[in-house]
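Below is one structure, written out as structure tokens; comments come after it.
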Amino acid sequence: MVQLVGSLRRELADSLATCKVLVVGAGGIGCELLKNLVLTGFKNIEVIDLDTIDVSNLNRQFLFQKKHVGKSKAQVAKESALQFCPSANIVAYHDSVMNADYNVEFFRKFILVMNALDNRAARNHVNRMCLAADIPLIESGTAGYLGQVTVIKKGMTECYECQPKPTQKTFPGCTIRNTPSEPIHCIVWAKFLFNQLFGEEDADKDVSPDTADPEAAWKPEETAARAKASEKDGDIKRVSTKQWASSIEYDPIKIFNKLFKDDIMYLLIMDKLWKKRKAPTPLNWQELEKRACPQEEIPVSGLKDQQVLSVWGNCQLFKHSVETLRSQLKGKEAGAQLVWDKDDPPAMDFVTSAANLRMHVFSMNTKSRFDVKSMAGNIIPAIATTNAIIAGLIVLEGLKILSGEIESCRTIFLNKCPNLRKKLLVPCILDPPSADCYVCASQPEVTVKLNVHKTMVLSLQDRILKERFGMVAPDVQIEDGKGTILISSEEGETETNNSKFLSDFGIRNGSRLQVDDFLQDYTLLVNVLHTEELERDVEFEVVGEAPDKAPPPQSSQKDDNNITNGSKDSAQPSTSSKAPADDSDDLMIVDSDEEEPVSSSSATTASGTKRKHPDAETGEMSTKRPADREEERRRRRQ
Amino acid sequence: MIDTIEKEDPVITEEEAAQYDRQIRLWGLDAQTRLRGSRVLLAGLGGLGAEVAKNLILAGVKSLTLLDHEKVSEETCRAQFLVPVTAQGKNRAEASLERAQNLNPMVEVHADPGRVEDKPDDFFLDFDTVCLTGCSRDLMVRVDQICSQRKIKVFCGDVYGYYGYMFCNLGKEHSYVEEKPKIVKPTKDSNDGPEAKKSKVDPNETTLVKKTSSFCTLKEALEVDWTSEKAKAGLKRTPVDYFLLHVLLKFRTDKGRDPDPQSFTGDSQLLRQIRDDVLETLAVSSDLLNDDFISYCFSEMSPVCAVMGGVLGQEVVKALSQRDAPHRNFFFFDGRKGNGHG
Ligand SMILES: [Zn+2]
């Protein structure tokens, strides 16, 4: 005899009351998820989040209010969720899930783990922890109107890392330094500039003209001209940007003229670059100041961030932000650095003005601070409803797992608009594990193409093993018959190796490295493929995957917004939120409705999957996904 | 017509811009401005009602009126997170007011303990959108008719266990804008960067395109003549959930309540009976809807309320902000399959 507690079978309701689940993340999805879990009858919930509450969270993270800004998300979420069910037992951790305290033993406490994360590094890590602990994981993500939920079970389904995901986009150095063609190039340049002046200097993120640009291809007879140019502008081959700026006491006008006048004039000398492009136009502070109209400084009504400033307005903003940042730097001890943060007003003002001035120099339309912030901060728009839908779906998948029906679990996509079959929510069967996955295969193995004479041990550790292969604290042993330890996760043991090259340890073409991450209980065999022929700006390539680089600007796709510098890495749909343009600019289209008119038969125009495929579910799932689905999947998987 | 934003409408303040930043980046300032000028009536404060209320208050409408005459009970408030656990026996709308208001102090939230049935036609004129949950079929049809004559947008929705549905009627002519990639025209002195020499679709630039769409009434949508040739042809493409909705609405009409887990055996029997009657009356095959649904349609299930409240809430936001193509006109969700379609 069926007995129900609310909508649930009694046996299921009873098991919810006793089992223990983990929620990773108390943000947009996490808040909704905690509510759904306690209302569904889950009683033992642990939640972990590193973050604190920001005012921009309040449009969707409904467990938080204005009075909570600055407090721990996990803690406040716990307190708010308890009000829905005071008898629940919720444990909150204000911490990173990648902390070594949360080891495999910790994960084994749970019957189910639910990810509500916003970054790939943590997702990779939890994926490995759940594989190691053999605990089912429900993975999810949202971006704007789009969302996705999937279930990961060791040995049964794909893991989070079975399908290679697009790596973060980077732009070629010469595009950033010499030939920007899109606003994003100027914004990336401005962020690099911030670090060169005020933050941590990174040789890979130079902002001055790149004389080694292959496209410039100076011939020997032109070297004279180049030398002369260098002489004229003694600052080009200078000491570091920071030392130079410091020596002139961060004089904003001198910095301005160097960046937007002298450096640009230097670029003009590299005339090959401008044969097929429009040449940049240098700016000169003193001339702009003479020409500036006083009206331009009168503030306009409306939102400050929405205004597109004039050139002189950007000059003023540049000067003001440099002065503010200079005093911030002075307030700190010698050698201190500033860290760029989109929510720090002078840092954001600096990037807005510097990027806009460069856009102006390169004949692009300048942008509002609001738009520059979207791109510079890699902001993913987020709304309450998408998160609510996804969090509801997570619990429904969780209930299937707890009912012992994991085979009925699905990957579910939330679309912005109904697809051709009128589906807004599209369930798809779970794929089996990929046999050559470098994470969940029984003996994970990869081949990495690199130059053993140019790759340093530190670079292997940070760029390849940590950044690319998602390890937290790798140990590396060379399979050379001697068991040479190249990298040890124990502090102080192998630091001296860091600045040596791989070849210094006898690593050559065909060498094999055994890499272990103790916390993740994960071993990866790395085959080294030596090459001298990597593209410029590329440190390494994983064999079988596309190179770690953005397409050239001409063919760049819409996700160019998703630039290398963002802190978050989810799929980034168009963030453009333009006001309706002038009617004259609009394409005026009256709805040419191809569907049946909505009349009395409206209910009949619905999904037809049932009869086209005898069994909607297997019918849809067993056929390999159409190309657009595959694309969609890749895009959202991140 | 896309309603013009009146000059006297106050512009979005810096405070609002900060709080709504992540959604303004999605749907734009104009959409947000329209939302904050919109007045919404929400009838029915069960689990789905609470979800819809939360989503609309967070989105930043001008005002939301919570209308419900029922008392808080364990069964009807299982998925209702706006009602405090200490509020048993109190009016559901009034008991929801404090938490609803705390979600966003910038929205005017009101509670009305009256009955929808008792409201005169004029009552609805005070709103731009009316959203009904937990109402009888006759009541929904009546309110839909009143509102569509007066250009008020109507939404109906309910959650029955693992199942949920939504219906919307945005009127004979609903206008909205949709974002499309902008085609950058070549100009002599290009302003779009030195390399923009030929016409191209710039995925970073978008433009808004105006469109209109037309809706039928709830009465028309429910009273399809399944003996007509046209309807018969469309039957194959009609989700069974549509017929399930007929069954559940009939149960509500007959019993004055929804299936109750406390009387599972009796209600299951009755659902089976109503299913047979409804399919016969509609003159469709009796095996269209097997017994499987019966034990999964009891009580409002929280995660299903979350999904339906999200879909319904977003459709209300779209309708009020006149941004993006509306969903037409039924949406059905099956929480066991994860399937959500129209
Ligand atoms: Zn895998």
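Protein chains get the first letters and strands the later ones, always in sequence-line order, with residue 1 at the start of each.
Using a 4.5 Å cut-off on side-chain heavy atoms (C-beta onward), A:Pro418 and B:His327 make contact. Side chains of B:Arg25 and A:Asp371 form no contact here, defined as non-hydrogen atoms less than 4.5 Å apart. A heavy-atom distance below 4.5 Å is found between the side chains of A:Lys416 and B:Asp324. When side chains are defined from C-beta on, B:Val307 counts as touching A:Ile389, because their heavy atoms get closer than 4.5 Å. By the 4.5 Å heavy-atom criterion applied to side chains, A:Gln83 and B:Arg99 are counted as neighbours. Side chains of B:Arg237 and A:Arg421 form no contact here, defined as non-hydrogen atoms less than 4.5 Å apart. Here the side chains of A:Leu8 and B:Phe298 are not in contact, with every heavy-atom distance at 4.5 Å or above. Put simply, the side chain of A:Ile383 reaches to within 4.5 Å of the side chain of B:Trp27, judged on heavy atoms.
For A:Val5, the parts sitting under 4.5 Å from any heavy atom of chain B are the backbone and the side chain alike. Heavy atoms of A:Lys304 lying under 4.5 Å from chain B belong to its backbone as well as its side chain. Both the backbone and the side chain of A:Leu424 come within contact range of chain B, with heavy atoms under 4.5 Å apart. Within the 4.5 angstrom heavy-atom criterion, no atom of B:Gln32 approaches chain A. Both the backbone and the side chain of B:Phe81 come within less than 4.5 Å of a heavy atom of chain A. In this structure, chain B has no heavy atom under 4.5 Å from any part of A:Pro280. Only the side chain of A:Leu399 comes within less than 4.5 Å of a heavy atom in chain B; its backbone stays farther off.
Under the rule for a ring pair (Phe, Tyr, Trp, His ring centres under 6.0 Å), the partners of B:Tyr162 that lie at least two apart in sequence or sit in another chain are B:Tyr296. Here A:Phe64 pairs with nothing under the ring pair (Phe, Tyr, Trp, His ring centres under 6.0 Å) rule; sequence neighbours left out.
Here CZ of B:Phe333 is found 5.0 Å from CG of A:Leu396. Values are rounded to the nearest 0.5 Å. Annotation: the span from A:Ile379 atom CD1 to B:Arg22 atom CZ amounts to 4.5 Å, rounded to 0.5 Å. Between the CG atom of B:Leu103 and the CD atom of A:Gln65 there is a distance of 7.5 Å, given to the nearest 0.5 Å. With values rounded to the nearest 0.5 angstrom, B:Asn102 atom CG is found 12.5 Å from A:Phe62 atom CZ. Rounded to the nearest 0.5 angstrom, B:Gln314 CD and A:Thr386 OG1 are separated by 6.0 Å. With rounding to the nearest 0.5 Å, the separation of NZ in B:Lys337 from OG in A:Ser408 is 12.0 Å.
Heavy-atom pairs under 4.5 Å with chain B were tallied for A:Val395, A:Ile412, A:Val2; the largest tally goes to A:Val2. Contacts with chain A were tallied for B:Ser268, B:Pro303, B:Pro259, B:Ala18; B:Pro303 has the most, counting heavy-atom pairs under 4.5 Å. Counting heavy-atom pairs closer than 4.5 Å to chain A, the top residue among B:Thr265, B:Leu312, B:Leu58, B:Leu222 is B:Leu58. With respect to chain A, the highest number of heavy-atom pairs below 4.5 Å among B:Met308, B:Gln23, B:Glu75 belongs to B:Gln23.
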(message) What verdict does the side-chain contact (heavy atoms from CB on, under 4.5 Å) test give for A:Lys35 and B:Lys54, after you've listed the backbone C-alpha separation in whole Å, the side-chain angles of each residue and the deciding distance to 0.1 Å?
(response) CA-CA 12 Å; A:Lys35 170 206 66 190; B:Lys54 174 202 72 191; 3.3 Å; yes
(request) Please report the C-alpha distance between A:Leu425 and B:His341 in whole Å, then the side-chain angles of each, then the deciding distance to 0.1 Å, and finally whether the side-chain contact (heavy atoms from CB on, under 4.5 Å) criterion is met. (result) CA-CA 7 Å; A:Leu425 290 166; B:His341 55 168; over 6 Å; no
(request) Take B:Leu29 and A:Leu303, measure what side-chain contact (heavy atoms from CB on, under 4.5 Å) needs, and give me the verdict at the end. (result) CA-CA 10 Å; B:Leu29 259 185; A:Leu303 293 172; 3.9 Å; yes
(message) Between B:Glu51 and A:Glu32, does the side-chain contact (heavy atoms from CB on, under 4.5 Å) criterion hold? Intermediate values first, please.
(response) CA-CA 10 Å; B:Glu51 287 285 343; A:Glu32 292 282 342; 4.2 Å; yes
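A side-chain donor-acceptor contact under 3.5 Å links A:Arg9 and B:Ser295. With no hydrogens or angles considered, no side-chain donor-acceptor pair links A:Asn59 and B:Gln19 at under 3.5 Å.
More than 12 heavy-atom neighbours from other residues, nucleotides or ligands sit within 6.0 angstrom of CD on A:Glu405. Atom NZ of A:Lys400 has more than 12 neighbouring heavy atoms from other residues, nucleotides or ligands inside a 6.0 Å radius.
Contact between B:Ala306 and A:Gly392 at its shortest, heavy atoms only, is CB-CA, 4.0 Å. Of all non-hydrogen atoms in A:Gly6 and B:Pro261, the two that sit nearest each other are O-CG, 3.4 Å.
Of the options B:Val52, B:Leu56, B:Asn55, B:Val316, a side chain to side chain contact (heavy atoms under 4.5 Å, CB included) to A:Thr385 is made by B:Asn55 and by none of the others.
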